[in-house]
Amino acid sequence: MFEDDPVDDLPAATLCHLVDRGDDPGGDGGAAGDETLLIRKKRGVGSGQWVGPGGKVEPGETVEECVVREVREEVGIDVLDPERAGVFVYRSDGWDAVVHVFRATEYAGTPEETAEADPRWFPVDDLPFAEMWQTDREWLPHVLDGGTFRGRFVYSDGEPREVRMETGVTPSL
Ligand SMILES: Nc1ncnc2c1[nH]c(=O)n2[C@H]1C[C@H](O)[C@@H](COP(=O)(O)OP(=O)(O)OP(=O)(O)O)O1
């Protein structure tokens, strides 16, 4: 999938998809059933959209360290069991990146609004896809269902022009 597109020099970024399988997911008094935490992003790449918390990997940082730091910075909780669920190459008119996607089910704390993000729990079967990256609908259901994927998404003028994806694979390039 990536043979004709060298990605070794691309910056890395992370995304975290936290799944709460409790009786009262998110502790917000909502109906029972799996929920996932999304943020309304206030700035940066994808601002205004609902996305998983995450961000750019800093120099000297592993992707595992990055995803824990970004979730803490953006919504004030500690993710305890991040596991690799996917990876995709993102190319656009703006910046390009390799995005490492994590799934987690354990966390400490209560998500809070910050300068970067407004968090909200959504039922996993009722996600706000109309206000998300268009390609999220290709892979996010697999991730929330415990699966894995690899992908390559090329955007231009905010629209996906090339979408390649495979599921059930080791989430590495
Ligand atoms: N196509 C697509 N779908 C879903 N998510 C993303 C993409 N492309 C992306 O870049 N992303 C995600 C990956 C990262 O989580 C963010 C981009 O990082 P950003 O939030 O801008 O980085 P921060 O380090 O938090 O922000 P700054 O410090 O640079 O302001 O988007």
Side-chain angles (χ1 to χ4, degrees), residues 1-2 5 7-19 36-79 82-104 107 111-120 122 124 127-145 147-167 169 171-173:
M1 181 182 304
F2 310 110
D5 182 8
V7 296
D8 290 350
D9 294 336
L10 291 187
T14 59
L15 283 171
C16 185
H17 287 282
L18 189 57
V19 182
T36 190
L37 187 72
L38 298 178
I39 60 169
R40 175 79 84 175
K41 203 164 168 189
K42 295 185 181 179
R43 64 184 188 211
V45 179
S47 70
Q49 303 195 95
W50 289 105
V51 298
K56 299 180 184 83
V57 177
E58 294 185 346
E61 191 177 51
T62 65
V63 290
E64 285 82 6
E65 290 166 343
C66 170
V67 77
V68 171
R69 174 185 56 76
E70 286 285 353
V71 175
R72 190 182 299 137
E73 283 178 7
E74 292 188 342
V75 295
I77 62 173
D78 286 314
V79 174
E83 66 168 322
R84 285 173 184 257
V87 63
F88 64 89
V89 171
Y90 169 68
R91 291 200 177 273
S92 71
D93 317 311
W95 84 303
D96 298 342
V98 175
V99 180
H100 299 265
V101 180
F102 288 81
R103 175 177 48 242
Y107 63 98
E112 289 174 355
E113 184 172 357
T114 65
E116 294 183 59
D118 189 7
R120 191 191 299 174
F122 288 88
V124 296
L127 299 174
F129 283 124
E131 298 173 85
M132 299 175 73
W133 290 96
Q134 286 189 51
T135 44
D136 282 9
R137 68 181 70 218
E138 306 291 334
W139 57 265
L140 186 51
H142 294 288
V143 168
L144 297 178
D145 205 27
T148 56
F149 79 101
R150 303 189 328 151
R152 181 172 184 276
F153 310 133
V154 180
Y155 277 71
S156 176
D157 294 330
E159 297 287 326
R161 309 292 178 184
E162 233 187 282
V163 177
R164 280 197 261 165
M165 214 193 71
E166 51 190 357
T167 56
V169 293
S172 60
L173 296 179

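Whatever order the structure lists ligands and atoms in, that order sets their numbers, starting from 1. The analysis underlying the following values was restricted to heavy atoms, covering all of them including side chains, and did not include hydrogens, waters or symmetry mates.
- Within a 4.0 Å radius of atom 30 (O) of ligand 1, the protein has no heavy atom.
- Protein heavy atom in closest approach to atom 14 (C) of ligand 1: Thr14 O, 3.6 Å.
- Residue-ligand proximity, Asp136 to ligand 1, at heavy-atom distances under 4.0 Å covers atoms 3 (N), 4 (C).
- Considering only non-hydrogen atoms, atom 1 (N) of ligand 1 lies nearest to Tyr90 out of Trp139, Trp95, Tyr90.
- When atom types are taken as modelled, the side chain of Glu138 and the backbone of Thr135 share no donor-acceptor pair closer than 3.5 angstrom.
- Separating the CH2 atom in Trp139 from the CZ atom in Arg150 is a distance of 15.5 Å, to the nearest 0.5 Å.
- At a heavy-atom cutoff of 4.0 Å, ligand 1 is contacted by the side chain of Leu15 but not by its backbone.
- For Arg43, no nitrogen or oxygen atom sits less than 3.5 Å from a nitrogen or oxygen atom of ligand 1, counting backbone and side chain alike.
- Nearest protein heavy-atom contact of atom 25 (O) of ligand 1 is Glu70 OE1, 3.4 Å.
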I'd like to know whether Tyr155 forms a ring pair (Phe, Tyr, Trp, His ring centres under 6.0 Å) with Trp133, so could you lay out the CA-CA distance, the side-chain angles of the two residues, the decisive distance to 0.1 Å, and finally the verdict. CA-CA 10 Å; Tyr155 277 71; Trp133 290 96; 5.3 Å; yes
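- Residue Arg91 holds its CZ atom at 12.5 Å from CG of Asp93, rounded to the nearest 0.5 Å.
- In summary, the atoms of ligand 1 found under 4.0 Å from a heavy atom of Glu74, numbered by their order in the structure, are 25 (O).
- Every atom of ligand 1 is numbered from 1 in the order shown, and the set under 4.0 Å from a heavy atom of Val45 is 10 (O), 17 (C), 21 (O).
- Summarising the geometry, atom CG belonging to Asp9 is positioned 11.5 Å from atom CG belonging to Asp96; distances are rounded to the nearest 0.5 Å.
- Set against the non-hydrogen atoms of Gly54, the atoms of ligand 1 under 4.0 Å away are 15 (O), 20 (O), 25 (O).
- Looking at atom 18 (O) of ligand 1, its nearest protein heavy atom turns out to be Gly55 CA, 3.7 Å.
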Quick one, Glu73 with Arg69, criterion salt bridge (charged side-chain N to carboxylate O under 4.0 Å, His left out). Give me CA distance, side-chain angles, the key distance, then yes/no. CA-CA 6 Å; Glu73 283 178 7; Arg69 174 185 56 76; 3.2 Å; yes
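- Of the candidates Lys41, Glu138, Arg91, it is Lys41 that places a heavy atom closest to atom 19 (P) of ligand 1.
- Contact annotation: for Phe88 versus ligand 1, heavy atoms closer than 4.0 Å belong to the side chain alone.
- Taking every heavy atom of both residues into account, Val67 and Cys16 meet most closely at CG2-CB, 3.6 Å.
- Atom 4 (C) of ligand 1 has as its closest protein heavy atom Trp133 CD1, 3.0 Å.
- Rounding to the nearest 0.5 Å places CG of Leu38 at 5.0 Å from CE of Met132.
- There is a protein heavy atom less than 4.0 angstrom from atom 23 (P) of ligand 1.
- For atom 27 (P) of ligand 1, the closest non-hydrogen atom of the protein is Lys56 NZ, 3.9 Å.
- Contact between Met132 and ligand 1 is absent, with no heavy atom of the residue lying under 4.0 Å from the ligand.
- Note that CZ of Phe102 is 5.0 Å distant from CZ of Arg84, once rounded to the nearest 0.5 Å.
- Note: Thr14 OG1 to Lys56 NZ = 10.5 Å, rounded to the nearest 0.5 Å.
- Counting only distance, with no hydrogens or angles, the side chain of Arg103 and the backbone of Val143 share a donor-acceptor pair below 3.5 Å.
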